[in-house]
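Ligands are counted one by one from 1 in listed order, and the atoms in each one are counted from 1 as well. One is the number of the first residue; the rest follow in order along the sequence.
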Amino acid sequence: MSLAGIGYDSHRLAEGRRLILGGVDIPGERGLAGHSDADVLTHAVIDALLGAAGLGDIGEYFPDTDERYRDADSLELLDNVVARVRSAGLRVVNLDCTVVMERPKLGPHRQEIRERLAQVLGLEVKRVNVKATTGEGIGFVGRGEGVAALAVVSLDES
Ligand code: MG
């Protein structure tokens, strides 16, 4: 039995914040605003995992009103969710994801992001695919107001 889950997230770009995607700190002019570290990609991955496992969504586990999650390392939240998925008798098969961002270019960081996410998911790097596209100058991404991310995961019975 194969289970699919989808995840989507977006965060606003802001001065004086770090840009962390898939646990990797990416140098740039601006970063992402949010209650946690605002790792929009990891948040999309978490929702995809919870979706595939039928376990709800990220807000139920790590509400942005909870002070415990202020500036939280989203990879730690992901690790927590992977444990919940395993407790449900499931294992992660693969992850595919897309970051929608005007700049900076994701290419130079893509391999490191794959490795970091693969490590937390307990996957071989080849089972984690990270894609990037831009907003082509249109919409909130294109205007440089924010970054979006989409993720799809597949789970199987362990
Ligand atoms: Mg988020």
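- The distance from the Mg ion (ligand 1) to the nearest N/O/S atom of Asp39 is not under 2.8 Å.
- Separation of atoms CD (Glu76) and CG (Asp37) is listed at 9.5 Å; rounding is to 0.5 Å.
- If you look at His43 and ask which of its N, O or S atoms sits nearest the Mg ion (ligand 1), the answer is ND1.
- Val93 and Leu117 sit in two unconnected hydrophobic clusters of ILVMFWY residues. Membership requires side-chain heavy atoms under 4.5 Å apart, directly or through other members.
- The closest approach of Asp9 to the Mg ion (ligand 1), by N/O/S atoms, is made by OD2.
- Arg116 CZ to Leu121 CG: the interatomic distance, rounded to the nearest 0.5 Å, is 12.5 Å.
- By the 6.0 Å contact criterion, CZ on Arg18 is open, its count of non-hydrogen atoms from other residues, nucleotides or ligands being 12 or less.
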